[in-house]
Amino acid sequence: MSAISGASSSAEAMSVSGPRNAMNSGPASVRRASSMIMRAPGLSTGSSSLGSAPARIHQPCIFADGETNVSVTGLGTIDGGGSFWWDEVRRGESLEAARPTLISFRHSTRVTIRDVVLENSPAWTVHPFRCNDVRVSGVRIKNPADSPNTDGIDPESCRNVRITDCHIDVGDDCIAIKAGTEASSADPAPCENVIIANCTMLHGHGGVVIGSEMSGDVRGIVISDCVFDGTDRGVRLKTRRGRGGVVEDLRITNIVMRRVACPFVFNPFYFCGPEGKLPRVSDRSVLEVDETTPTIRRVFISNVSASEVSSCAGFISGLPERPLDDITIVDVSISFAADPVPSVPAMADGVPEMAAAGFHIDFVRNSRLSGVSLTGLSGDAITAGANVTNLTAEVTTHDH
């Protein structure tokens, strides 16, 4: 596959067409005012070669940096050939550079990915980074459920993002909204003004996830009219001390969940990765507040139904020194599986396995649960810690 280049005064496109075994290629770079058009049933297959990789991260299959008006569209399939890379991870091999993503656009404006099928990504599948005006629509993403770290769509530090009408079935988070970490070489930038609508999510670790990279702030997020089927968790916010950043102004509505372990997870004790093992991450005592203390506030969740839930209705926790503030959950119906398999709802030290448990709430203030129904519950509807203030709750319970 040759790179696509075009002067800013004219648009260029590369068309891929032919039988399913049409093309085996290395990485492609998309340039200004250019598009890649996948003609069904064309197939583009990413290379598994290590030979020409850059020093820090292997170049994505499709890549652009600092461009305007770039797109990948059409009805064809882009296959990342990920099995080579997954096997390296499973064997514990140390790669000289991180695995490539399938599509990565960086520092670009007016980005469009539409109607293509993306499968077998070596790592994250679609990764816009510090882009403005991003549209991902009608895309089908398929990575095996056991493929490591194969997130579906991960906008990072982007503005004005619309993800609509997508079908995502992957081995990690289906959609993860990110905003950099405290270890970023550049100053963290926010991820803001993001709309996710009319999507179906299967298998992944979470349906829609915020974090854990949130150092640059995440705000102005709307998630609506989606189905999560078989994701480990439904809506998942994860962060930890040291990350800093503010997550605020989230609105989540009209969601149907089925066979999730836990519909709602707010976890500021996230322990994955080397820094997640530091003692401060799991400490439940009050620590000093500074710029590295994460903040989560003003989250509104409504009109959600979840069936065949296995672990608990919700794990909702802030930090002792920075409680969650202004969390609203209204008009929610949760039905537990008849024979639930116990599991841990949140990746945090000290959280036990649960089965058909209610809401576990701690370090929360100024919040409300209203019109919440739990069917097939085992135990209390709400288990609240001593660090919950100004919480009002209207929860009804029913037998199967």
Side-chain angles (χ1 to χ4, degrees), residues 145-146 148-149 170-174 176 201-212 228-241 257-273 276-279 281-285 301 304-320 324 327 329 332-364 369 372-388 393 395 397-400:
D146 64 347
N149 311 112
V170 294
D172 208 312
D173 295 330
C174 293
M201 329 279 192
L202 275 65
H203 292 114
H205 291 178
V208 177
V209 177
I210 312 292
S212 66
F228 305 157
D229 191 348
T231 61
D232 291 346
R233 296 148 188 101
V235 176
R236 180 186 185 201
L237 282 72
K238 54 182 182 177
T239 186
R240 58 172 168 258
R241 294 181 177 110
M257 305 185 194
R258 181 169 173 259
R259 298 182 300 173
V260 302
C262 184
F264 313 112
V265 174
F266 293 64
N267 175 19
F269 302 104
Y270 182 65
F271 61 29
C272 291
K277 313 307 179 192
L278 296 174
V281 172
S282 59
D283 195 337
R284 263 47 172 199
S285 59
I301 299 171
V304 176
S305 64
S307 61
E308 299 181 66
V309 172
S310 57
S311 181
C312 73
F315 180 89
I316 301 173
S317 178
L319 289 169
L324 301 181
I327 310 299
I329 300 176
V332 168
S333 174
I334 297 173
S335 176
F336 293 98
D339 189 16
V341 176
S343 63
V344 176
M347 292 178 166
D349 283 337
V351 178
E353 288 189 339
M354 303 179 193
F359 286 90
H360 284 248
I361 302 175
D362 207 357
F363 309 115
V364 174
L369 280 70
V372 176
S373 171
L374 304 179
T375 300
L377 174 71
S378 176
D380 295 331
I382 296 177
T383 301
N387 306 285
V388 176
V395 181
T397 61
H398 310 273
D399 295 332
H400 274 302

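Sequence positions, counted from 1, serve as the residue numbers for this chain.
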Checklist entry - Taking atom OG1 of T239 and atom CZ of F269, what is their separation to the nearest 0.5 Å? => result 11.0 Å
Checklist entry - Which residues pass the side-chain hydrogen bond (donor to acceptor under 3.5 Å, both in side chains) test with E308, sequence neighbours left out? => result R258
Checklist entry - Just checking, R284 and F363: is the charged tip under 6.0 Å from the six-membered ring centre and within 45° of the axis? => result no
Checklist outcome for this item: Heavy-atom nearest pair, A384 first then V388, reads CB-CG2, 4.2 Å
With a 3.5 Å cut-off and sequence neighbours excluded, list the donor-acceptor pairs that the side chains of residues 341-360 form with protein atoms.
none

Checklist entry - Looking at side-chain heavy atoms only, is the closest gap between T375 and H400 below 4.5 Å? => result yes
Item to check | Carboxylate-amine/guanidinium proximity below 4.0 Å for D173 and R236 | outcome: yes
Item to check | Heavy-atom pair with the smallest gap, counting every atom of V209 and G206 | outcome: CG2-CA, 3.8 Å
Checklist entry - Looking at CG of D380 and OG1 of T397, how far apart are the two atoms once the value is rounded to the nearest 0.5 Å? => result 10.0 Å
Item to check | Heavy-atom pair with the smallest gap, counting every atom of A393 and I382 | outcome: CB-CD1, 3.4 Å
Checklist entry - Do D229 and R259 have side-chain heavy atoms sitting under 4.5 Å apart? => result yes
Checklist outcome for this item: Distance col, row S212:OG vs R240:CZ, nearest 0.5 angstrom, shows 5.0 Å
Item to check | Test item: S378 and F336 side chains (from C-beta on) under 4.5 Å apart, heavy atoms | outcome: no
Item to check | Side-chain (R241) to main-chain (L319) donor-acceptor, under 3.5 angstrom | outcome: no
Checklist entry - For D339, does the CG atom sit with more than 12 other heavy atoms under 6.0 Å from it, leaving out its own atoms? => result no
Checklist entry - Do the side chains of F264 and I327 get nearer than 4.5 Å, heavy atoms only? => result no
Item to check | P268 backbone acceptor or donor facing K238 side chain under 3.5 Å | outcome: no
Checklist entry - With a 4.5 Å heavy-atom cut-off, do M257 and V235 have their side chains touching? => result yes
Next on the checklist: I need the S282 OG to K277 NZ distance, nearest 0.5 Å.
Outcome noted: 10.0 Å
Checklist entry - Do V304 and P263 have side chains that get closer than 4.5 Å, going by heavy atoms? => result no
Checklist outcome for this item: The single option from L237, I329, D362 that satisfies side chain to side chain contact (heavy atoms under 4.5 Å, CB included) with I316 is I329
Checklist entry - Passes side-chain hydrogen bond (donor to acceptor under 3.5 Å, both in side chains), D172 versus H205? Steps please. => result CA-CA 5 Å; D172 208 312; H205 291 178; 3.3 Å; yes
